[in-house]
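Before any comments, here is the structure.
As a basis for the values below, the full set of heavy atoms in this structure was taken, side chains included, without hydrogen atoms, waters or symmetry mates. Counting from 1, the numbers follow the sequence of the chain as shown. Note that this is a predicted model, so its numbers are computed, not measured.
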Amino acid sequence: MGFFTEMFARPRPQEQQRYRSALALLNAMSNADRADIGIKPADFPRIAREMSMR
């Protein structure tokens with residue numbers, strides 16, 4: 001049981017904060033910007049995950 005307590009008590013990894021920032025950036029883009037680079041809102045989680053790993 002100590003393992004679960006330790007697992008949930010740890011601070012969030014740095015990637016999660018970068019993922020949230022990347023997702024916020026993608027959501028802030030205008031429709032014209034999205035169309036210009038060819039991404040759709042359904043692609044946001046995948047793109048944000050890739051951005052956070054860099």
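Under the side chain to side chain donor-acceptor pair (under 3.5 Å) criterion, R34 pairs with N31, not counting sequence neighbours. Evaluation of the side chain to side chain donor-acceptor pair (under 3.5 Å) rule for D33 yields S30 as partners, not counting sequence neighbours.
Note that CD of E15 and CE of M53 are 5.5 Å apart. Values are rounded to the nearest 0.5 Å. Put simply, OG on S21 and CD on Q16 are 11.0 Å apart, with the number rounded to the nearest 0.5 Å.
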Ignoring hydrogens and angles, write down the donor-acceptor pairs under 3.5 Å from the side chains of residues 37-50, residues two or more places apart or on other chains.
{"unit_1": "D43", "atom_1": "OD2", "unit_2": "K40", "atom_2": "N", "d": "3.4"}
{"unit_1": "R46", "atom_1": "NH1", "unit_2": "E50", "atom_2": "OE2", "d": "3.3"}

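Under the 3.5 Å distance criterion, the side-chain polar atoms of N27 are matched with a main-chain donor or acceptor of L23.
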